[in-house]
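One structure below.
Heavy-atom basis, side chains included; hydrogens, waters and symmetry copies ignored. Just so it is clear: chains get the letters A, B, ... in the order the sequence lines come, proteins before strands, and each one is counted from 1. Because the structure is a prediction, the values reported are computed rather than measured.
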Amino acid sequence: MARNDDVEVLAVAGHDVRITSPGKVFFPERGETKLDLARYYLAVADPLMAAMGGRPVMLQRFPNGVGGSSFFQKRVAATKADPWLTTATVETPNGTTSSALVAVDLAHVLWAVNMGCLGFHVWPNTAADPDHADELRVDLDPAPGVGFPMIREAAAEVRALLAELGIACFPKTTGNRGLHVYVRLEPRWDGYTVRAASVAMARELERRRPDLLTASWWKEERGERVFVDFNQNAPHRTVFGAWSVRANPHGQVSAPFTWDELSDVEPPDLTVATVPPRVARDGDPWAAMTPQSLDPLLELHERDMAAGLMDAPWPPVYPKMPNEPPRVAPSRARKDTD
DNA sequence: GTCCCTG
DNA sequence: CAGGGACAACGCGGG
DNA sequence: CCCGCG
Ligand SMILES: [Mn+2]
Ligand SMILES: [Mn+2]
């Protein structure tokens with residue numbers, strides 16, 4: 001570990017990773033620096049790599065820290081300075097390919113930190129197995145006016161349904177206002193199938209708790225409820241990763257926690273400053289994650305299709321899908337003449 | 001933050 | 001050699 | 001042309 005005034009060099013995972021401007025303040029609230037951010041990722045390295053290791057990631061970069069200008073970066077190339085960087089090919093819905101960074105070890109993570117990357121958007125597949133999505137992400141999005149108590153209740157409802165189906169799942173804060181619930185999957189299904197399962201789950205959740213949850217893609221139909229964002233499981237879509245840091249003055253983290261903690265978890269309390277001691281004390285809240293079967297949710301989906309339901313609307317940019325209903329908000333739909 | 005292109 | 005732009009999705013379905 | 005959605 002060498003050092004001079006402008007550059008800190010960290011020996012990590014067999015590579016020397018440069019952290020330039022280590023003293024630059026990245027998080028104004030408490031003044032954590034770029035080097036503090038690197039130390040944060042070192043402190044959560046074990047659970048971070050369990051969650052993100054081997055996956056392609058997109059960088060969200062703030063070269064001058066929180067409050068500075070920012071941009072996403074998907075394409076990464078190994079340079080002469082860093083010939084060890086590993087990339088993998090990822091695609092967009094229209095087939096465009098990119099070489100994305102793969103989080104193979106903490107050196108790759110810290111390389112990104114040096115580029116001003118606060119957090120990572122993670123693909124639902126490993127680089128080694130691009131044709132299978134091995135993660136189901138239940139994205140709980142509060143409509144305007146919905147507070148965190150309802151989000152907690154929504155997550156408990158997700159857990160109850162999945163438990164009935166024999167599927168183990170694990171929660172994290174998003175770093176913003178919502179929660180994510182993750183299911184590790186056996187690598188047997190592609191992204192289209194995982195999304196179909198997600199549609200079925202969202203609809204079943206709304207059937208059970210229409211007062212609390214909605215599966216409606218169209219905002220005008222959601223009301224003051226929690227939207228179960230099934231489209232976040234569409235092929236090629238990324239999600240803000242576990243242990244990643246938001247561009248918030250406090251450095252709020254997308255922090256995994258245990259179900260026991262659901263009733264008192266407070267997202268603003270989980271920051272780049274508070275999460276490392278939590279991990280040191282409690283270890284990985286997701287340590288028990290093991291690959292699950294998607295079959296129970298696919299049976300739900302088949303039941304809905306047999307009952308005459310259609311697929312749900314896809315996001316913009318995706319081509320029209322078989323059995324997709326018209327992709328238009330109901331209030332704008334052409335009047336049906338039959 | 002770094003690269004790459006322009007002037 | 002200084003300055004500036006690029007760095008993701010941003011095209012697809014409907015009216 | 002506009003708008004939808006993250
Ligand atoms: Mn969300
Ligand atoms: Mn969402």
Quiz item: Judged by modelled atom types alone, do A/R195 and A/N231 share a side-chain donor-acceptor pair under 3.5 Å?
Solution: yes

Does [X] reach a base, just sugar-phosphate, or nothing at all? Heavy atoms under 4.0 Å.
X      : result
A/T238 : nothing
A/D229 : sugar-phosphate
A/W217 : sugar-phosphate
A/N114 : sugar-phosphate
A/R18  : nothing
A/K34  : sugar-phosphate
A/R61  : base
A/P316 : base

Determine: side-chain N/O of [X] to OP1/OP2 of [N], distance under 4.0 Å, yes or no.
X      : N      : result
A/R237 : D/dG6  : no
A/K74  : C/dA9  : yes
A/S98  : C/dA8  : no
A/T20  : B/dT2  : yes
A/K320 : C/dG14 : yes
A/R334 : C/dG15 : yes

Closest listed nucleotide, where the reference is the side chain of [X] and the choices are [options]:
X      : options              : result
A/Q73  : C/dG15, D/dG6, C/dA8 : C/dA8
A/F227 : B/dG1, C/dG13, D/dG6 : D/dG6
A/P319 : C/dG13, D/dG6, B/dG1 : C/dG13
A/V328 : D/dG6, D/dC5, C/dG15 : C/dG15
A/F71  : C/dC7, C/dA8, C/dC10 : C/dC7
A/R75  : C/dG11, C/dA8, B/dG1 : C/dA8

Practice problem: Measure from NZ or CZ of A/R222 to the centre of the six-membered ring of A/F227, then state whether that distance is under 6.0 Å and the direction lies within 45° of the axis. | Solution: yes

Practice problem: Answer yes or no on whether A/R61 is positioned over the face of A/F72, meaning its NZ or CZ is under 6.0 Å from the six-membered ring centre and within 45° of the axis. | Solution: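 The answer is no; the distance or angle limit is not met.
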
Separation of [X] atom [atom1] from [N] atom [atom2], in whole Å?
X      : N      : atom1 : atom2 : answer
A/E324 : C/dG14 : CD    : P     : 7 Å
A/F120 : C/dA8  : CZ    : P     : 15 Å
A/Y318 : D/dG6  : OH    : P     : 14 Å
A/R177 : D/dG6  : CZ    : P     : 12 Å
A/W218 : C/dG13 : CH2   : P     : 13 Å
A/R195 : D/dG6  : CZ    : C1'   : 13 Å
A/H236 : C/dC10 : NE2   : C1'   : 16 Å
A/M58  : C/dA8  : CE    : P     : 9 Å

Quiz item: Does a side-chain N-to-carboxylate-O contact under 4.0 Å join A/E8 and A/K34?
Solution: no

Ring-ring centroid check [X] [Y], cutoff 6.0 Å:
X      : Y      : answer
A/Y192 : A/W314 : yes
A/H108 : A/W84  : yes
A/W286 : A/Y182 : yes

Self-check item: Syn/anti state of C/dC12 by chi, 90° boundary around 0
Solution: anti

Using the [atom1] atom on both, measure [N] against [M] and round to a whole Å.
N     : M     : atom1 : answer
C/dA8 : D/dG4 : P     : 26 Å
D/dG6 : C/dC7 : P     : 25 Å
C/dA9 : D/dC5 : C1'   : 12 Å

Self-check item: For D/dC5, the Watson-Crick or wobble partner whose two distances fall under 3.5 Å
Solution: none

Exercise. Please determine, for B/dT6, whether a Watson-Crick or G-U wobble partner exists with both distances under 3.5 Å, and give it or none.
Key: C/dA2

Quiz item: Closest approach of A/T33 and A/G23, non-hydrogen atoms and distance?
Solution: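 Distance-wise, the nearest heavy atoms are CG2-O, 3.5 Å.
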
